[in-house]
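This report refers to the structure that appears directly beneath it.
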Amino acid sequence: MNATQEKLKVQLEQAIVSAFGADFAGVDPILVSASNPKFGDYQANVALSLSKKLGKQPRAIAAAIVEKLDVSEICEAPEIAGPGFINLKLKTVYLEAQLNEIQADPRLGVPAAKTPKREIVDFSSPNIAKEMHVGHLRSTIIGDSIARILEFIGHDVLRLNHVGDWGTQFGMLIAYLREVYPDALTTANALDIGDLVSFYRKAKLRFDADAAFQETARQEVVRLQAGAEDTLHAWKLLCEQSRREFQIIYDLLDIKLIERGESFYNPLLSGVVEDLEKSGLLVENQGAKCVFLEGFTNREGEPLPLIVQKSDGGYNYATTDLASLRYRIQQDEAKRIVYVTDSGQGNHFAQFFQVARKAGWIPDDVELVHVPFGLVLGEDGKKFKTRSGDTVRLRDLLDEAVSRAHADLKSRLQEEERQETEEFINEVARVVGISAVKYADLSQNRTSNYIFSYDKMLDFKGNTAPYMLYAYARIQGISRKGDINFEELGNNAVLLQHETELALAKYLLQLDEVISSVEQDLMPNRLCEYLYELSKKFNQFYDRHQGVQVLEAQEPQRTSRLVLCDLTARTLKLGLSLLGIQVLERM
């Protein structure tokens with residue numbers, strides 16, 4: 001809720017008590033943004049909800065509330081509409097004062113958290129010895145944006161990359177490489193990531209078909225767990241090789257992460273099993289140690305257990321996740337832990353969260369949140385694949401977006417007969433291409449699948465990154481044309497005289513509300529929607545007062561309009577930065 005809405009809510013609550021007595025303290029005035037601007041800016045619907053309790057008609061209740069309501073500093077005289085809606089229209093002078101106030105605020109009116117918390121965002125999480133592919137795109141981008149927003153609000157955010165760097169697959173790969181390419185286990189950079197992935201696939205085929213090789217691979221796992229020097233050295237080389245490749249992607253996407261893989265928690269797994277045993281939750285089932293869960297059944301309708309130790313004494317993902325959860329609560333002292341993974345893992349998170357709660361490991365002040373997301377689909381509506389049917393490498397996907405942005409820019413420059421340096425073209429193409437991929441993902445409701453289309457995401461029309469970047473660059477163009485330094489405008493008075501100015505002003509003042517909502521529900525698409533609507537409202541303002549008209553207007557309108565341009569640009573820049581998107585001064 002933004003500051004204005006909060007003030008109105010308080011005034012309405014006081015008016016309800018004044019009208020009907022102390023028994024109605026705390027009644028929600030049901031204050032929402034008006035759906036139609038002609039009815040005002042806000043609408044309080046509380047009268048309808050109180051009708052039965054008071055035994056009165058809603059319009060009579062609304063009239064009694066309005067009689068006691070003092071919002072004269074903020075709104076025009078309240079109006080009652082329909083069956084009892086209380087419509088509130090913000091005063092122009094109030095809007096001007098609010099904009100004048102945020103001009104000097106680098107946070108643009110968005111308050112910092114009153115009680116900052118330690119929050120963990122667990123995202124990206126690729127597997128060692130495998131290339132990052134399109135399946136890692138959403139976790140990486142959504143997780144980074146959530147972390148950026150929480151950091152901006154003022155929380156102490158730990159960005160964790162829970163990479164798959166332990167387990168049977170390493171025994172399998174090391175055993176195979178000992179036979180076919182032993183240098184890879186002793187020499188750094190003996191393989192590139194493509195070769196490593198190829199060897200991994202061959203090792204997997206061998207593992208699935210050859211019982212003797214399976215046993216050799218298991219022995220390598222035992223040696224790894226025991227800390228055998230040669231196996232441990234080989235494992236470290238493989239991890240480092242993958243890590244370098246991951247970093248190329250993270251640098252392209254401007255992603256900051258702290259790697260803490262599954263291996264980090266390996267020494268803690270036996271303690272998880274011991275503590276679950278002490279709490280009486282463990283049940284032995286077909287030689288495995290399990291916890292039976294409420295609300296989960298198999299196909300036969302029988303209770304479904306969560307296995308924490310396999311019959312051969314090994315551990316699995318659930319054990320590691322339980323160990324990591326305990327560590328994050330006890331050692332990292334996190335108060336909210338956010339896991340950004342695909343929706344297909346929803347049951348897994350519900351299950352190990354339930355086990356942790358049953359074991360009493362989650363304090364009342366700690367919140368666990370699974371942030372699920374849907375699939376990336378091709379234009380055929382199926383999982384996004386290459387033409388040959390392979391999973392799309394993330395590096396290839398990003399390179400293709402930049403390449404297409406480069407070709408599009410070259411074409412536009414030719415049409416406009418503009419001459420630009422190759423350095424300029426390459427930088428704009430990089431920013432537009434990467435931003436287009438990020439924004440296309442973040443602008444979707446993350447719980448839904450979405451269709452990946454280079455043409456749509458690189459379009460300069462519609463809800464796309466190029467549209468937003470162009471709106472920002474347009475404002476910088478006004479600055480260059482008029483030789484204006486926006487930072488030197490000072491704290492000048494904003495005067496709102498035209499409907500497009502009013503519409504833009506009202507939207508600029510909603511940023512705090514939008515960021516607050518994303519903090520709560522972790523849905524970055526809400527911020528995308530806001531920035532898109534803001535860009536549209538700015539373009540309507542711009543079309544009404546063309547850049548030339550802004551610069552040639554008489555004072556004080558000229559400076560007022562320049563301030564509106566500057567506030568829009570700063571809001572776009574801040575909002576896009578929270579999505580992990582860099583702006584461009586020229587396009």
Side-chain angles (χ1 to χ4, degrees), residues 123-124 132-149 249-250 252-255 340 342-343 371-386 391-409 428-473 514 518 522-536 572-573 575-584 587:
F123 66 105
S124 194
M132 291 182 74
H133 54 75
V134 67
H136 297 110
L137 177 68
R138 303 209 73 186
S139 177
T140 305
I141 291 173
I142 294 169
D144 176 61
S145 179
I146 287 172
R148 285 172 183 265
I149 290 164
I249 301 292
Y250 294 140
L252 269 172
L253 292 170
D254 189 23
I255 305 289
V340 186
D342 67 275
S343 53
V371 172
F373 54 81
L375 300 172
V376 181
L377 305 177
E379 296 195 60
D380 58 0
K382 298 176 182 176
K383 271 191 177 183
F384 193 34
K385 301 273 188 183
T386 64
T391 302
V392 178
R393 295 168 68 234
L394 191 47
R395 178 69 184 275
D396 291 343
L397 181 149
L398 298 173
D399 287 348
E400 176 72 9
V402 172
S403 174
R404 289 183 182 227
H406 190 281
D408 178 68
L409 177 57
V428 171
R430 180 191 66 80
V431 172
V432 171
I434 298 297
S435 299
V437 172
K438 285 188 175 186
Y439 191 88
D441 195 303
L442 292 168
S443 62
Q444 309 295 321
N445 181 318
R446 60 170 167 74
T447 61
S448 304
N449 300 338
Y450 80 96
I451 292 175
F452 190 96
S453 167
Y454 288 112
D455 289 341
K456 287 181 181 177
M457 66 177 61
L458 289 165
D459 197 336
F460 274 73
K461 297 175 184 174
N463 190 10
T464 65
Y467 180 81
M468 237 70 64
L469 294 173
Y470 185 66
Y472 178 85
V514 173
V518 179
L522 307 176
M523 300 285 276
N525 65 298
R526 297 189 190 282
L527 179 55
C528 295
E529 289 164 11
Y530 168 78
L531 295 174
Y532 177 49
E533 289 299 323
L534 177 66
S535 297
K536 287 200 295 186
L572 286 171
K573 185 175 183 178
L576 289 170
S577 76
L578 297 180
L579 300 173
I581 292 174
Q582 178 185 343
V583 294
L584 290 162
M587 292 178 70

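The figures that follow rest on heavy atoms only: side chains count, while hydrogens, waters and symmetry mates do not.
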Q. Between Lys536 and Glu533, is the closest basic N to carboxylate O distance under 4.0 Å?
A.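 Looking at Lys536 together with Glu533, the answer is yes, because their closest N to O distance falls below 4.0 Å.
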Q | side chain to side chain contact (heavy atoms under 4.5 Å, CB included) assessment of Met468 paired with Leu576 | A | CA-CA 9 Å; Met468 237 70 64; Leu576 289 170; 4.2 Å; yes
Roughly how far, to the nearest 0.5 Å, is [atom2] of [Y] from [atom1] of [X]?
| X | Y | atom1 | atom2 | result |
| --- | --- | --- | --- | --- |
| Leu252 | Arg430 | CG | CZ | 8.5 Å |
| Leu253 | Ile581 | CG | CD1 | 11.0 Å |
| Leu377 | Tyr450 | CG | OH | 9.5 Å |
| Leu584 | Lys573 | CG | NZ | 11.0 Å |
| Ile249 | His136 | CD1 | NE2 | 10.5 Å |
| Asn445 | Asn525 | CG | CG | 5.0 Å |

Q | Ser124 side chain to Tyr250 side chain, donor-acceptor N/O pair below 3.5 angstrom | A |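 Yes, side-chain donor-acceptor contact under 3.5 Å.
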Q. Going by atom types alone, do Tyr467 and Asp459 pair a side-chain donor with an acceptor below 3.5 Å?
A.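 No, Asp459 and Tyr467 have no side-chain donor paired with an acceptor closer than 3.5 Å.
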Q. Can you check whether Leu527 reaches Leu578 side chain to side chain, under 4.5 Å on heavy atoms?
A.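 Touching, per the 4.5 Å side-chain cut-off.
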Q: Measure the shortest side-chain to side-chain distance between Val437 and Met457 over non-hydrogen atoms and say whether it is less than 4.5 angstrom.
A: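 SC-SC contact between Val437 and Met457 confirmed.
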Q) Between the side chain of Ser535 and the main-chain N/O of Leu531, is any donor-acceptor distance below 3.5 Å? A)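 Checked: pair present.
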Q.
Check whether Tyr454 reaches the backbone of Leu397 with its side chain - one donor and one acceptor, N or O, closer than 3.5 Å.
A.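 Yes; at least one donor-acceptor contact below 3.5 Å.
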Looking at every non-hydrogen atom in both residues, tell me the closest pair between [X] and [Y] and how far apart they are.
| X | Y | value |
| --- | --- | --- |
| Phe123 | Asp144 | CE1-N, 3.5 Å |
| Ala436 | Leu458 | CB-CD2, 3.6 Å |
| Pro524 | Leu579 | O-CD2, 4.2 Å |
| Leu137 | Phe452 | CD2-CE1, 4.4 Å |
| Leu442 | Ser145 | CD2-CB, 4.0 Å |
| Cys528 | Asn463 | O-OD1, 4.2 Å |

Q) Residues in salt bridge (charged side-chain N to carboxylate O under 4.0 Å, His left out) with Asp342, at least two apart? A)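 Expected list: none.
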Q | Non-neighbouring partners of Lys385 that pass side chain to side chain contact (heavy atoms under 4.5 Å, CB included), sequence neighbours left out | A |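 Lys385 satisfies side chain to side chain contact (heavy atoms under 4.5 Å, CB included) with Lys383, Thr391 once adjacent residues are dropped.
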Q) According to the salt bridge (charged side-chain N to carboxylate O under 4.0 Å, His left out) rule, which pairs have a member within residues 438-455, sequence neighbours left out? A)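 Every salt bridge (charged side-chain N to carboxylate O under 4.0 Å, His left out) pair that includes a residue of residues 438-455, provided the two are not neighbours, is Arg138-Asp441, Arg404-Asp455.
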Q | Among Leu572, Val432, Val428, side chain to side chain contact (heavy atoms under 4.5 Å, CB included) partner for Leu469 | A |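 Answer after filtering Leu572, Val432, Val428: Val432.
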